[in-house]
Amino acid sequence: MAMAFAEARRGAAGDTAEAAAGDALYFDVEGMSCASCVARVERAIGAVPGVAAVAVNLTTERASVRPRLGEALDVASVEGAARKAGYPATLVAPRPSEAAEAGPVVAGAASDDADARRAAAARRERLHVAAAAILSAPLALGMLPMLFGGASPLPGWLQLALATPVQFWLGARFYRAGWGALRAGAGNMDLLVALGTSAAYGLSLYLLATAHLHPGMGHSPHLYFEASSLVITLVLFGKWLEGRAKRQTGAAIRALGALQPDRARVRRADGSEAEVAPGSLLVGDRVVVRPGERVAVDGLVLEGASEVDESMLTGESRPVGKEVGSRVTGGSVNGDGLLLVETLAVGAETVLARIVRTVEEAQAAKAPIQRLVDRVSSAFVPAVLGIAALTLVGWLLAGASAETAILDAVAVLVIACPCALGLATPTAVMAGTGAAARAGILIKDAEALEIAQRVDTVAFDKTGTLTEGRPALAAVEPEAGEDETALLALAAALQGGSEHPLAGAVTEAAAACGITVPALSGFRALPGRGVAGRVGGRSLQMGGPRLLAELGLDAAATPRAEALAREGRTVSWLVEEAPSGARVLGLLAFGDALKPAARDAVAALTRMRLRTVLITGDNRGAAEAVARAVGIAEVRAEVLPAEKSEAVAAARRGGAVVAMVGDGVNDAPALAAADVGMAMSTGTDVAMQSAAITLMRGDPRLVADALDISRRTYNKIRQGLFWAFAYNVIGIPLAALGHLDPVVAGAAMALSSVSVVGNALLLRRWRPAAGTDVGRPA
């Protein structure tokens, strides 16, 4: 992708005009004000040869353009098509995650340019609002005497002097964008505002000129300069509030981007240290991370121990212990230890880069419901123009004065702004995916977000999802006359010489119980059977049924062993060899330990009235034991990966909307087959690539959180669209019937956009239930 950006940027400079096919390119688009603008930009860019797909986001003011495979895309043609449609577009430089590949100079300069443009536009918008308010204030004050039957204290020529710069200087943006829409044979919000305010201004100018040419009329005409000026002022103020709110929706992306430190400290082969830019690091470089510093790379700890705060990446509020052999992630914050880290990933391959890319793509994508809104918006402006014309003609035919007819038509044009329609969906998607990212939930695209809110069935894999994915000591059963603690001490001593995963479970259990482990001598492995050695002068062996059979002992003589085996436990016996023969001292049973939060995760889904299913390749005994422990009633056990996928597909055919949760390679087909796949980031890359939602830590409670934020986001979309339509359904008839003054219509129009955006921003207050505090309001 970075190469595509680099090629495209060189094309803009004149060396080449083609971008690599397949990867999406991003363009900043200026001048969009409503959903109609979005539709027109998409049509214009979509008609460029070589474009496979284009999605334009009104909230981010960015277009995502994907070239056709096997075809080159001319970047200049894309920018030219957007400019011809009335919306200048500029290719965006590689994101910070790709800067290392594209080159720090090009990427940095272009990113700085984009930030500078946005900052300058925000300052200009603020100054325009202030200037419009200062010029319009005397006109608004002049209206007060007229409310009580008096005349305006301001002379007509002064009203004209105040209104003209508002109309043609501060309101020039509406004329420019409206003219562009007309040339493209379409309409937008700017066209409505330009037509409405021009009509009010033109009517006032006509009345003022008539009074000047015919001074004997006997009364001063009622002018409407205040209406045109205040409408423009209110719309500008609304756009400023809108822009301010939209910038807040991008806070998640900016916060993630800010996690990458500016410098990294590299230890050279000769032991010296040097500070370098993270973009110049290579895989294999050794990076020193001092206490309190932000980790600059994804890597492996070679020296030192510390606790690292990974909350902004995984949503885990508690620091995570790191020691030699532990992995650390770029962007996390080191605690009070000094770490030496070997670089494992750089540039676009780092975890932070992938998170930023996932959130950006989700926020740029278009939810299915937005496509319906776009179709409605494309017909909306022409319909409003028709209603305004009918209002004008209708009032004239009803015998009203031209003055009244024009003002009512102006009110229709002004209140019918489709801004809120265009903002309802993308603003909610941005706020929702941003809040989810802060909680450690990465949603791949807006479609996944929309589908997730309809999920009614959640299917879990077992190993690594509900369980830890590694063996743990589940039971210690001494024979009659033997002591449990002594039995565990002997087993831990014997297993101390083994590298087997079961050995680690025994030694961990003994350490957790504070047991003093005696010395081991004469240790030897018994391939395929177990281990043997001497502990405290006693000759011991430990292994499974095969070892017992070789020693002439009967495993069936221990009834408890059979019951544990039915539960899916792995059973090992501790045997002492003596001159009189071998005898069993006791048995130890091993199982995959449940994750501490597994039961809470299933309980949360049950409270959400969702059906839960366990689908696993493990044996039925182990599967049913886990299901009973966490509260899942439905179990599919001993299934192959293809059968997992078929089980999910069968549930979908039965009418269920299925979310599949897994972490392993064998879960990838089922994740892809589900309506929504959820992968634990503690699992494999294959699983994460197959999933629509990635849970950045292995806490199964994040499943309920992911579905909860999806539901809340979709509710905000529905609320935003309801209010956007309600304003128009109520406002347009009132304006057409003469019950709305143009100034009131302008205020209502501005309020509709601000209320829709403000309502979506409430999602930033969402907190995950999975025991974290990173979902708090910023």
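Counting begins at 1 with the first residue of the sequence. This is a predicted model, so every value here is computed, not measured.
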For this session: Before giving the answer on side-chain hydrogen bond (donor to acceptor under 3.5 Å, both in side chains), spell out for Asp285 and Thr343 the whole-Å C-alpha distance, their side-chain angles and the decisive distance to 0.1 Å.
Result: CA-CA 5 Å; Asp285 282 347; Thr343 302; 5.5 Å; no

Is a salt bridge present between [X] and [Y], judged by a nitrogen-to-oxygen distance below 4.0 Å?
X	Y	result
Glu293	Arg265	yes
Glu550	Arg529	yes
Asp270	Arg268	no
Arg327	Glu342	no
Arg611	Glu634	yes

Can you tell if the side chain of [X] reaches within under 4.5 Å of the side chain of [Y], non-hydrogen atoms only?
X	Y	answer
Val657	Arg454	yes
Glu468	Pro596	yes
Gln495	Val531	yes

Exercise. Looking only at atom types and distance, does a side-chain atom of Asp708 sit under 3.5 Å from a main-chain N or O of Arg711, one as donor and one as acceptor?
Worked result: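 Looks like no, no N/O pair under 3.5 Å.
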
Problem set entry | Full working for side chain to side chain contact (heavy atoms under 4.5 Å, CB included) between Thr616 and Thr465 | CA-CA 10 Å; Thr616 177; Thr465 303; over 6 Å; no

Problem set entry | Test side-chain contact (heavy atoms from CB on, under 4.5 Å) applied to Arg538 - qualifying residues, sequence neighbours left out | Leu490, Leu540, Glu576, Arg583, Leu585

For this session: With sequence neighbours excluded, give me every side-chain hydrogen bond (donor to acceptor under 3.5 Å, both in side chains) pair touching residues 647-656.
Result: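 Only Glu646-Arg653, Arg652-Asp675 qualify under side-chain hydrogen bond (donor to acceptor under 3.5 Å, both in side chains).
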
For this session: For the pair Leu281 and Val287, evaluate side chain to side chain contact (heavy atoms under 4.5 Å, CB included) and give the outcome as yes or no after the intermediate values.
Result: CA-CA 9 Å; Leu281 290 171; Val287 177; 4.2 Å; yes

Problem set entry | Any donor-acceptor N or O pair under 3.5 Å, side chains Ser306, Asn334 | yes

For this session: Under the side chain to side chain contact (heavy atoms under 4.5 Å, CB included) rule, what do Leu588 and Met542 come out as? Steps first, then yes or no, please.
Result: CA-CA 10 Å; Leu588 288 82; Met542 186 172 176; 3.9 Å; yes

